[in-house]
Amino acid sequence: MDAENFIPASLYVCPVVASRPVGAYRQVAFVAPEIAALAHPGQFIMVRRAGPALDPLLPRPMCISDADSDLVKILVEPVGKGSAKLAASQVGDRLSVMGPLGTGFDLEGEGPAVLVGGGIGVSPLVLTAGTLAERGRAVRCILGFRARQQAVAAELFRDFDVDVLTEDGSMGRTGLVNEPLPGCLAIEPGQPAPEVFACGPDGMLWEVARISRECGVRAQVSVATHMACGIGSCQGCVIRTKGSYRKACTSGPVFEAGELEW
Amino acid sequence: MDAENFIPASLYVCPVVASRPVGAYRQVAFVAPEIAALAHPGQFIMVRRAGPALDPLLPRPMCISDADSDLVKILVEPVGKGSAKLAASQVGDRLSVMGPLGTGFDLEGEGPAVLVGGGIGVSPLVLTAGTLAERGRAVRCILGFRARQQAVAAELFRDFDVDVLTEDGSMGRTGLVNEPLPGCLAIEPGQPAPEVFACGPDGMLWEVARISRECGVRAQVSVATHMACGIGSCQGCVIRTKGSYRKACTSGPVFEAGELEW
Amino acid sequence: MVKMPPELAVSLGPLKLAHPIINASGTFDVLEADKILEADLFHDFPFAAYVPKTVTLEPREGNTPPRLYETPAGLLNSIGLANKGIESFIAEDLPRLRELPAPIIASVAGGRTEDYGRCCRLLDAQEEVAAVELNVSCPNVETDGRALGSDPQQTARAAALARQETSKFLIVKLSPNVTDIVAVARAAAGAGADCLSVINTVHGMALDPWSLKPVLGHTTGGLSGPAIKPVALRAVYLVSRELDIPVIGMGGVTTSQDVLEFLAAGATAVAVGTANFRDPLAAARLALGLKELMVERGIGSVAGLIGRAQAPP
Amino acid sequence: MVKMPPELAVSLGPLKLAHPIINASGTFDVLEADKILEADLFHDFPFAAYVPKTVTLEPREGNTPPRLYETPAGLLNSIGLANKGIESFIAEDLPRLRELPAPIIASVAGGRTEDYGRCCRLLDAQEEVAAVELNVSCPNVETDGRALGSDPQQTARAAALARQETSKFLIVKLSPNVTDIVAVARAAAGAGADCLSVINTVHGMALDPWSLKPVLGHTTGGLSGPAIKPVALRAVYLVSRELDIPVIGMGGVTTSQDVLEFLAAGATAVAVGTANFRDPLAAARLALGLKELMVERGIGSVAGLIGRAQAPP
Ligand SMILES: Cc1cc2nc3c(=O)[nH]c(=O)nc-3n(C[C@H](O)[C@H](O)[C@H](O)COP(=O)(O)OP(=O)(O)OC[C@H]3O[C@@H](n4cnc5c(N)ncnc54)[C@H](O)[C@@H]3O)c2cc1C
Ligand SMILES: Cc1cc2nc3c(=O)[nH]c(=O)nc-3n(C[C@H](O)[C@H](O)[C@H](O)COP(=O)(O)OP(=O)(O)OC[C@H]3O[C@@H](n4cnc5c(N)ncnc54)[C@H](O)[C@@H]3O)c2cc1C
Ligand SMILES: Cc1cc2nc3c(=O)[nH]c(=O)nc-3n(C[C@H](O)[C@H](O)[C@H](O)COP(=O)(O)O)c2cc1C
Ligand SMILES: Cc1cc2nc3c(=O)[nH]c(=O)nc-3n(C[C@H](O)[C@H](O)[C@H](O)COP(=O)(O)O)c2cc1C
Ligand code: FES
Ligand code: FES
């Protein structure tokens with residue numbers, strides 16, 4: 001997606017219609033037809049419980065995990081008070097939502113898509129996998145997790161060819177995503193090269209970037225930084241790219257792996 | 001009640017079992033058998049929604065409006081964020097409650113009891129009226145309100161002889177409680193003198209104190225000050241009494257009208 | 001009581017404001033927001049004046065991230081005055097900002113006292129600019145790196161240099177991180193400031209809950225949001241009581257009631273900062289809400305409300 | 001990793017603390033609380049040391065009420081050091097406090113610098129008193145009424161006079177309402193302080209939402225609670241990094257995680273203030289919770305945790 005060609009974002013108050021645990025995470029679905037219609041894989045929303053409460057004060061950035069005609073789904077890992085409050089959303093609660101925001105993944109390529117997710121970073125890959133498949137591209141997912149509780153989220157990728165790894169071996173293979181990755185990036189002569197779409201912790205993205213570079217394939221990575229505004233006002237969410245800081249909320253969260261400076 | 005002879009207070013987490021509007025106020029009932037058993041008319045609790053939320057930060061003082069074997073009832077006027085949050089309590093919510101606290105009314109006298117309540121100040125008079133009646137004392141209530149929405153709370157005194165006044169005449173008589181008061185304070189020769197039990201805004205208490213003094217009858221008044229701790233730690237809740245400041249949470253909230261300096 | 005609609009318009013020196021609500025520097029980028037949000041911000045501009053992010057003589061890339069962390073009812077930031085530099089601001093942004101239906105208050109800062117004069121000279125030539133605000137919370141490279149706004153003399157010198165270079169309405173934005181904010185305010189006014197913005201962020205720090213290391217790349221940062229509202233209200237109250245020039249009040253303003261309170265404390269205009277992040281269209285509702293509150297309470301005009309908290313009871 | 005129960009005990013100078021959690025002066029009156037609460041506070045005392053409310057040479061009745069107002073995640077107070085005077089404190093309270101299973105840190109203040117010396121002389125004779133804390137946030141009647149703690153020289157003078165009169169462990173409690181808290185800390189340490197308490201309340205004000213007049217009878221007050229935690233953490237971090245004496249950290253401590261963070265920032269002990277009002281038995285749970293957090297994170301001892309945020313990453 002072209003960073004200069006923004007889909008207009010707007011603010012909505014959205015009722016929660018489903019909320020269920022997915023292992024250690026929680027999937028929350030809310031009614032937001034306008035966002036569902038516009039959402040591009042890899043985009044995010046700024047979201048908080050609706051209402052005047054000051055705790056938390058600001059909305060939190062959350063990837064759009066899935067979207068259909070009416071509903072938007074997010075997958076939340078409770079790591080602090082903002083995410084915990086979102087994860088505790090019950091049916092009937094109302095969320096204040098701004099979106100869709102940011103650039104998503106560029107899906108225009110033709111080669112087989114290798115989706116690499118680490119932990120909660122698998123969230124945006126759900127919609128990404130679905131959309132790529134609709135466009136007729138081969139989709140293969142490599143999903144790494146700390147342990148079984150997190151790895152349960154692999155169920156969201158039921159329809160796809162999925163490789164699950166856990167660090168402690170409690171589910172799938174033992175190890176990290178960078179082990180199977182090179183094997184999926186072989187360039188078949190005469191065929192379009194594979195492309196990597198990745199989201200996860202910085203350390204993982206760094207490895208994904210290195211391996212992709214070594215294999216000579218393009219990698220797009222979605223980064224998570226601390227955000228306050230989500231719309232380019234605060235300059236808080238910057239990430240170091242070659243030559244300068246760039247705002248993850250407007251120039252990202254998806255960047256070409258090669259652009260980032262680690 | 002003797003200020004030096006404290007009923008031991010404790011901290012409880014109490015489920016709300018009923019919550020209903022009473023005009024502009026809200027009556028909230030929660031399960032607190034220990035407090036219900038110990039509560040003396042005129043005592044209060046420190047109460048907030050249970051949980052780690054910091055907004056509001058501190059519990060709020062609320063009079064014990066009524067108590068039976070298991071339940072404690074409070075009557076809440078939403079005037080700011082703390083009271084609004086309490087007034088919004090729903091069945092199933094849990095309250096963090098400390099009590100019973102403070103001195104209550106001294107009920108040991110024998111004369112007819114004249115209960116004077118202003119606005120939300122009628123709250124503690126419910127339990128007071130009931131307890132006085134149980135003790136065989138004649139009870140007469142003079143309740144003043146701004147308007148009908150508040151005056152609806154007079155229904156809580158159904159079993160008693162009640163005089164309702166509103167400032168705008170929208171319910172009961174038009175006027176202030178100090179108008180009918182002198183007529184109720186006549187001392188019958190050979191009979192124990194009437195006694196006044198009052199709770200309401202400072203201006204009203206001042207008038208009640210003046211009239212009682214002029215009629216030569218004893219008046220106990222319950223005051224409301226800003227409180228942080230409710231147990232004598234912070235020195236924040238003081239009220240000017242003859243000669244010195246005294247803590248409303250431990251030496252009050254009920255004071256002899258004659259002790260207060262206005 | 002005659003029931004007239006309350007008068008929200010107010011004069012801030014030569015600036016005619018349709019209502020008293022403006023934005024705080026660094027918290028609302030109308031050029032970015034207009035691109036991203038569906039709302040047509042250039043038509044329905046929610047603020048009565050627009051204060052762009054502070055600019056400096058040279059471009060600054062700002063501090064190492066993370067730059068943000070939420071604290072109880074507050075936000076810590078250490079943006080480090082990231083900006084494109086005053087020349088790009090004048091060449092690229094000002095021509096677009098001219099279309100805004102509200103006066104522009106340019107905000108400038110510098111690592112040296114003389115930077116304030118040089119910035120003002122450049123801005124004085126720009127007719128789009130209605131006023132200049134000196135952000136004196138920038139670390140001073142001439143001394144120990146502490147903000148020059150923490151010292152009355154240095155603040156006065158920056159204000160005086162600025163005053164020499166511009167006849168525009170001159171605002172000095174005070175830092176709360178001082179022993180005596182009224183002394184700094186007096187120094188600024190004495191050196192020629194026409195108005196004071198009160199307050200910038202309060203020094204603070206947060207540790208990452210897991211690593212227990214400072215969260216912010218820059219270690220410490222500035223605290224904003226409702227948490228600092230009591231600090232801001234006090235500063236506005238004291239400064240506007242002691243000085244005869246108008247004050248722009250800010251610090252934690254989130255609701256219309258907050259606007260009412262800052263005006264009553266003595267502010268002539270009220271700036272919204274962190275609350276813009278909570279909801280970028282919040283400000284649009286504040287002016288409306290303010291009007292409603294004024295009707296409810298029988299307050300006839302903003303002008304009549306200013307400083308009400310200072311009157312004897 | 002060897003799984004030993006974590007070591008919570010810590011030495012604060014000569015004071016042996018069973019765990020690092022103490023109370024902040026003026027926020028927990030054990031004599032009152034023990035009377036009112038069912039809990040047997042003299043047996044199950046939740047704090048590792050007890051700091052009574054500040055006392056002054058003469059009794060003080062304190063400020064005009066209202067004295068309290070809640071703000072976002074904070075509490076404003078203007079108690080005005082209401083206290084019975086040091087002589088009644090020594091005669092009436094100390095004999096009862098002797099029964100506490102924890103060392104007593106007496107807190108003193110005065111309107112004149114010399115008051116600190118006189119209070120210390122009286123306390124030096126009391127063997128129940130393990131340490132003396134100088135609260136230098138009391139308005140100084142010798143100057144303009146500003147707290148002497150806002151000036152490094154005056155703070156040093158108070159500390160030096162106190163030092164002359166007592167050989168007990170001497171703590172100076174710093175005010176955050178200064179341009180440079182490290183400078184005040186240095187002055188106090190230079191004059192003989194053994195330890196610093198960081199921080200007292202932050203200056204603030206609130207208006208009554210309806211009348212729009214100052215809520216507090218005293219107009220302005222001191223802000224405490226979670227709202228000021230970032231301000232406190234920064235002060236603890238800077239002061240303990242720059243000075244070689246132990247620091248007692250406080251300001252907004254409400255959870256065990258907060259205790260962990262203040263220790264990591266550099267505090268040797270951590271005081272709980274406003275959170276005691278939220279729940280007077282909260283502190284009892286904090287030490288337990290701290291232990292659990294330490295087990296969870298493999299932190300072996302409080303001593304090993306102190307200042308961890310300052311170590312290079
Ligand atoms: C574009 C984007 C998309 C994201 N998508 C998802 C998602 O789909 N699901 C999900 O669970 N999380 C997602 N995150 C991360 C999520 O926003 C943070 O976990 C959340 O903001 C933390 O807030 P908190 O109040 O729970 O934690 P805090 O109490 O503020 O902090 C707890 C911990 O989280 C870290 N942290 C705080 N804010 C952020 C932040 N904005 N990003 C990363 N770490 C942070 C802190 O350093 C700390 O270690 C996304 C972040 C970004 C920027
Ligand atoms: C012993 C005692 C018993 C009380 N009993 C009842 C009761 O039964 N029902 C009831 O509805 N209210 C009662 N109150 C008053 C109630 O505690 C306050 O209305 C409440 O604390 C206000 O908190 P808030 O957050 O809603 O308001 P805030 O937002 O804090 O303030 C809103 C307004 O209320 C005033 N206010 C704030 N705190 C207090 C306070 N503690 N007392 C009086 N005014 C205050 C402020 O000045 C302001 O005008 C009692 C107070 C005391 C001291
Ligand atoms: C992310 C962020 C960036 C800021 N940038 C600037 C700035 O560039 N110049 C400036 O004068 N103030 C800046 N400020 C301070 C605000 O303008 C304002 O003074 C302060 O945040 C208090 O108001 P608030 O509590 O409403 O945010 C910034 C504040 C925040 C939170
Ligand atoms: C109601 C109240 C009374 C206080 N009284 C004193 C005091 O007498 N002496 C003192 O040194 N500090 C006093 N303080 C300050 C606290 O000891 C503490 O330094 C401050 O409140 C910050 O900690 P907290 O945020 O945990 O409350 C008082 C604070 C409050 C809220
Ligand atoms: S989050 Fe504010 S600029 Fe990106
Ligand atoms: S409320 Fe704290 S002493 Fe009364």
Side-chain angles (χ1 to χ4, degrees), chain A residues 3-13 34-35 38 46 48 50-61 79-83 96-103 202 223-241 243-251, chain C residues 23 26-40 52-53 59-83 208-210 215-217 221 224-227 229 252 254-255 257 273-282 284:
Chain A
E4 293 306 304
N5 192 359
F6 287 102
I7 290 173
S10 209
L11 276 143
Y12 307 96
V13 173
E34 298 86 348
I35 297 178
L38 294 173
M46 293 296 284
R48 62 179 174 92
L54 300 177
D55 186 31
L57 184 62
L58 300 180
R60 295 292 187 269
V79 298
K81 73 177 169 185
S83 48
S96 160
V97 182
M98 177 166 63
L101 296 168
T103 62
D202 283 355
V223 300
T225 63
H226 294 222
M227 293 186 174
C229 71
I231 57 165
S233 271
C234 74
Q235 314 244 28
C237 62
V238 296
I239 185 150
R240 185 112 218 126
T241 60
S244 67
Y245 283 125
R246 287 172 69 194
K247 295 180 202 168
C249 67
T250 52
S251 300
Chain C
N23 73 298
T27 64
F28 193 81
D29 186 331
V30 69
L31 298 175
E32 286 278 22
D34 187 61
K35 222 164 27 175
I36 294 170
L37 293 177
E38 228 181 10
D40 184 352
K53 169 106 189 139
R60 287 168 64 105
E61 66 170 8
N63 291 331
T64 310
R67 295 179 173 179
L68 296 166
Y69 196 69
E70 188 173 315
T71 66
L75 174 68
L76 267 179
N77 89 79
S78 67
I79 307 299
L81 289 181
N83 78 91
D208 182 90
W210 304 100
V215 170
L216 300 178
S224 62
K229 184 186 141 188
T254 309
T255 64
Q257 171 71 32
T274 301
N276 294 314
F277 305 150
R278 211 169 131 82
D279 170 354
L281 304 180

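For clarity, every value in this text was computed on a predicted model and none was experimentally measured. Labels below follow one simple rule: chain letters A, B, ... track the order of the sequence lines, proteins then strands, and each chain is numbered from 1.
- Closest approach of C/Thr64 and A/Tyr245 over heavy atoms only: CA-OH, 3.3 Å.
- Listed for the C/Glu61 side chain is no donor-acceptor partner under 3.5 Å among the backbone atoms of A/Ser244.
- The nearest pair of heavy atoms linking A/Pro56 to C/Arg278 is O-NH1, 3.9 Å.
- When heavy atoms are compared at a cutoff of 4.5 Å, C/Ser78 does not approach chain A at all.
- Annotation: the span from A/Ser233 atom OG to C/Leu31 atom CG amounts to 9.5 Å, rounded to 0.5 Å.
- Minimum heavy-atom separation, A/Ile231 to C/Ala33: CD1-CB, 3.9 Å.
- Heavy atoms of C/Val215 lying under 4.5 Å from chain A belong exclusively to its side chain.
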Show your working on side-chain contact (heavy atoms from CB on, under 4.5 Å) between A/His226 and C/Arg67 and close with a plain yes or no.
CA-CA 7 Å; A/His226 294 222; C/Arg67 295 179 173 179; over 6 Å; no

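- Of all the heavy atoms in A/Ala228 and C/Leu75, the pair that sits closest is CB-CD2, 4.3 Å.
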Before you tell me yes or no, could you show the steps for A/Cys234 and C/Asn77 under side-chain contact (heavy atoms from CB on, under 4.5 Å), namely the whole-Å CA-CA distance, both residues' side-chain angles and the distance that decides it to 0.1 Å?
CA-CA 9 Å; A/Cys234 74; C/Asn77 89 79; over 6 Å; no

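- The part of C/Ile79 that comes within reach of chain A is its side chain, from C-beta onward, which places non-hydrogen atoms under 4.5 angstrom from that chain.
- When all heavy atoms are compared, the tightest approach of C/Asp29 to A/Lys247 is OD2-NZ, 4.3 Å.
- Of all heavy-atom pairs spanning C/Leu68 and A/Met227, the tightest one is CD1-C, 3.6 Å.
- The distance from atom CD of C/Glu70 to atom CG of A/Asp55, rounded to the nearest 0.5 Å, is 7.5 Å.
- If you measure heavy-atom distances from C/Asn63 to chain A, the contacts under 4.5 Å come from the backbone alone.
- You'll find the side chain of C/Thr71 stays beyond 4.5 Å of the side chain of A/Leu57, heavy atoms only.
- The candidate from A/Gly82, A/Gly80, A/Cys237, A/Pro59 with the greatest count of non-hydrogen atom pairs under 4.5 Å with chain C is A/Pro59.
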